[in-house]
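As C-alpha cells, the structure follows; a few thoughts come after it.
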Amino acid sequence: MAEKSFKYVIVGGGVAAGYAAREFAKQGVKFGELAIISKEAVAPYERPALSKAYLFPEGTARLPGFHVCVGSGGERLLPEWYTEKGISLILNTEIVKADLASKTLISAAGETFKYQILIVATGSTVIRLTDFGVEGADAKNIFYLREIDDADKLVEAIKTKKNGKALIVGGGYIGLELSAALRMNNIDVCMVYPEPWCMPRLFTAGIASFYESYYANKGIDIIKGTVAVGFGKNENGEVVDVKLKDGRVIEADIVVVGVGGRPLTTLVKGQVEEEKGGIKTDAFFKTSSPDVYAVGDVATFPLKLFNEQRRVEHVDHARKSAEQAVKAIFASEQGASIEEYDYLPYFYSRAFDLSWQFYGDNVGETVLFGDNNPTSSAHKFGTYWIKDGKVVGVFLESGTPEENKAIAKLARVQPLVNNLDQLAAEGLAFASNI
C-alpha cells in the first residue's frame, strides 16, 4: 500500500480531535496538511450525549445533531466541513503501531502514514468485567458505553426488552446517568456498587444521600457495599440474572457496566515519559518526544492552579487541551509564545430534572448549604471544600447560569474563610458576593 504523508496528524477521532480541527482551521492550516485518523465510523461528536439525550424516549439526540462543536455553543462540524477545509478525515482506521523516531504510523489494515507533527488524542477505553474473568461476563445484553456503536446497541435492547429489568454495575457518572435514562424508558432499574455512597471520587456522603434518595423516589433500587461476581444466561446466551458477592441473585435482561476507564497510551508506551497513568506533557501539551503532543484523557499536565501534575478525564478539558496544543504548535512555528494552560477543573452532570456543576478541587473540610431535601421542588443545594483556610472547590445542584458562573469564579479566586458556620449560613450568597 502506498504511504500517505501529512504535516499534522491527529490520532483519535473523539471530542479532542474535533476541537483541534476547528483550531487548526482558525490558525489557517493549509489544504491537505492535516489528517484525523479515527477507528470510529463517524466524524467527531460530543460524546456526553451518548449517556443522556441519545437514550431519551422523547427529544432524542441523533447525529448529525451533536457533532462537535455544538457542546460548547460552537459551530456544528459536519463531515463536509472537513472536506471544505482540506482536512483528511480517515475513518474506520485503527492505528496499531507508532514509531516516533521515524514519524511513522501503521494501521490495523497495514496502511502507512507519515507525519511531521503528531497529536495523540486516543482518549480512554472502558474497563470490562471480562478483563477480570467474571463468570458469564461475555453474555449477550451486557453493555458498556464509550462510542456511538455502544449506544446504538443499548437503544436496540431498550426497544427489544420493553418494560424489562436492568441492572447497572457501578455508581459513578455512567451508573447515575444511565440509571436515569433507563428509568425514563420505563425499565425497572437496580444499581449495584461496592462503595458506601455513589460518585465517591467527587461526592461527599451529604451530597450523595440526596441523589440516592432522589433516585429511590423515582423507583430505582440501590444496592451498596457489594459487587457483581457472575452472570446467568439463557439458551440464547442472553443475560437473565446477576449474582452478587453478598449471595443475592438479581433478575436482569439488560446489564450496563460503568466501572471506570483506562487512558489509551499503549501506542506510544516506552517512547514518551509517563506520569500518573498518562503521557507527561508541559503546559502546551508537548510530550518528551520531539513534535509529539498529547491531549485530553491521555495527558498528565501541569495543573497550575494547584501546582501539581494531573490527568483529567472530562470533555471540558478534552476541548480546551486540544485548542491549547494547536495554538502552541502554530506559535512555535511562528517563533511566538502563548500563555501556559491554566485549567480550572470542572465536572457536571444532568439526569431527570437535576443538573449539577462542580469547580476546583474536592479536598479539605466540607460545608453543606441549601435545600438538599430530595422531595423538595427547589432542591437547590451545594457544598464548599475548604483547605488551609481557603475555599478550593464548590459544588452546586440546580444553579442558574449566573450562579454557576459565580461558583466557577469563586473556585478560581479561592477566597479566605474564617468561620465555617458563617459560611454554611451564607450558603450560595457567599459565592455570589465574590
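All values derive from a computational prediction rather than experimental measurement.
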Less than 4.5 Å apart, any side-chain heavy atom of [X] and any of [Y]?
X	Y	answer
Leu176	Met191	yes
Ile250	Leu244	yes
Glu156	Lys153	no
Leu34	Phe6	no
Leu423	Ile386	yes
Tyr115	Lys7	no
Arg183	Phe352	yes
Asp150	Phe143	no

For the pair [X] and [Y], find out whether any cationic side-chain nitrogen is under 4.0 Å from an anionic carboxylate oxygen.
X	Y	result
Arg412	Asp342	yes
Glu46	Arg319	yes
Glu177	Arg350	no
Glu94	Lys39	no
Glu274	Lys269	yes
Glu323	Arg22	yes

Q) Of Val268, Val120, Leu267, which is the lone residue that meets side-chain contact (heavy atoms from CB on, under 4.5 Å) with Val11? A)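 Only one of Val268, Val120, Leu267 forms a side-chain contact (heavy atoms from CB on, under 4.5 Å) with Val11, namely Leu267.
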
Check for a donor-acceptor pair, side chain of [X] on one end and backbone N or O of [Y] on the other, with a separation under 3.5 Å.
X	Y	result
Asp282	Phe284	yes
Glu397	Ser355	yes
Asp361	Val363	no
Thr287	Ala294	no
Glu275	Gln309	no
Ser124	Asp297	no
Asn185	Leu55	yes
Glu195	Gly170	no
Gln334	Ala331	no
Asp99	Ala101	yes

Q) Does the ring-ring contact (aromatic ring centres under 6.0 Å, His included) test come out yes or no for Phe381 and Trp356, once each step is laid out? A) CA-CA 10 Å; Phe381 74 97; Trp356 60 259; over 10 Å; no

Q: Not counting sequence neighbours, list each pair that qualifies as a ring-ring contact (aromatic ring centres under 6.0 Å, His included) and has a residue in residues 59-80.
A: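 Qualifying pairs, neighbours excluded: Tyr45-Phe66, Tyr54-Phe66.
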
Q: Could you verify whether a donor N or O on one side chain and an acceptor N or O on the other, from His314 and Tyr343, lie under 3.5 Å apart?
A: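 Checked: His314/Tyr343 side chains show no N/O donor-acceptor pair below 3.5 Å.
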
Q) Step by step, would you call Glu313 with Arg311 a salt bridge (charged side-chain N to carboxylate O under 4.0 Å, His left out)? A) CA-CA 7 Å; Glu313 290 181 14; Arg311 196 175 66 80; 2.9 Å; yes

Q.
Tyr82 vs Leu77, test: side-chain contact (heavy atoms from CB on, under 4.5 Å). Steps then yes/no.
A. CA-CA 7 Å; Tyr82 297 87; Leu77 309 186; 4.0 Å; yes

Q) Under the side chain to side chain donor-acceptor pair (under 3.5 Å) criterion, do Ser102 and Thr104 qualify, and how do the steps go? A) CA-CA 5 Å; Ser102 65; Thr104 306; 3.0 Å; yes

Q) Does the ring centre of Tyr346 sit less than 6.0 Å away from the ring centre of Tyr359? A)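 When the ring centroids of Tyr359 and Tyr346 are compared, they turn out to be within the sub-6.0 Å range.
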
Which value, rounded to the nearest 0.5 Å, describes the distance between [X] atom [atom1] and [Y] atom [atom2]?
X	Y	atom1	atom2	value
Glu212	Ile220	CD	CD1	11.5 Å
Gln271	Ile279	CD	CD1	10.0 Å
Thr204	Leu368	OG1	CG	6.5 Å
Ile223	Leu167	CD1	CG	7.0 Å
Thr130	Ile127	OG1	CD1	11.5 Å
Ile222	Cys190	CD1	SG	9.0 Å

Q: Apply side-chain contact (heavy atoms from CB on, under 4.5 Å) to Arg47 and Arg146, showing your working.
A: CA-CA 8 Å; Arg47 213 177 285 286; Arg146 179 66 195 173; 3.8 Å; yes

Q. Would Met199 and Tyr173 satisfy side-chain contact (heavy atoms from CB on, under 4.5 Å), going step by step from the backbone distance to the final call?
A. CA-CA 7 Å; Met199 282 281 283; Tyr173 264 111; 4.0 Å; yes

Q: Take Val315 and Val15 through the side-chain contact (heavy atoms from CB on, under 4.5 Å) test and state the conclusion after the steps.
A: CA-CA 7 Å; Val315 65; Val15 171; 3.8 Å; yes

Closest approach of [X] to [Y] (non-hydrogen atoms, all atoms of both residues):
X	Y	result
Ile174	Ser51	CD1-CB, 4.4 Å
Lys286	Asp291	NZ-N, 3.9 Å
Gly360	Leu344	N-CD1, 3.9 Å
Gly296	Ser321	N-OG, 3.0 Å
Leu428	Tyr384	CA-OH, 3.8 Å
Ala21	Trp81	O-CH2, 3.6 Å

(Q) Tell me whether the count of non-hydrogen atoms from other residues, nucleotides or ligands lying under 6.0 Å of CG in Asn307 goes above 12. (A)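 Check fails, neighbour count at 12 or below.
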
Q: Step through the shown structure and confirm whether more than 12 heavy atoms of other residues, nucleotides or ligands are within 6.0 Å of NZ on Lys218.
A: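 For Lys218, atom NZ is crowded (more than 12 foreign heavy atoms under 6.0 Å).
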
Q) Could you give all pairs that pass the salt bridge (Lys or Arg N to Asp or Glu O under 4.0 Å) test and reach residues 67-85, with sequence neighbours left out? A)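 Of all non-adjacent pairs touching residues 67-85, none passes salt bridge (Lys or Arg N to Asp or Glu O under 4.0 Å).
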
Q: With Trp385 as reference, evaluate Phe395, Phe203, Phe306, Phe358 under the ring-ring contact (aromatic ring centres under 6.0 Å, His included) test and give the passing residue.
A: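 Of Phe395, Phe203, Phe306, Phe358, ring-ring contact (aromatic ring centres under 6.0 Å, His included) with Trp385 is met by Phe358 alone.
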
Q) With under 30° as parallel and over 60° as perpendicular, where do the rings of Tyr214 and His379 fit, or are they tilted in between? A)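 Tyr214 and His379: perpendicular rings.
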
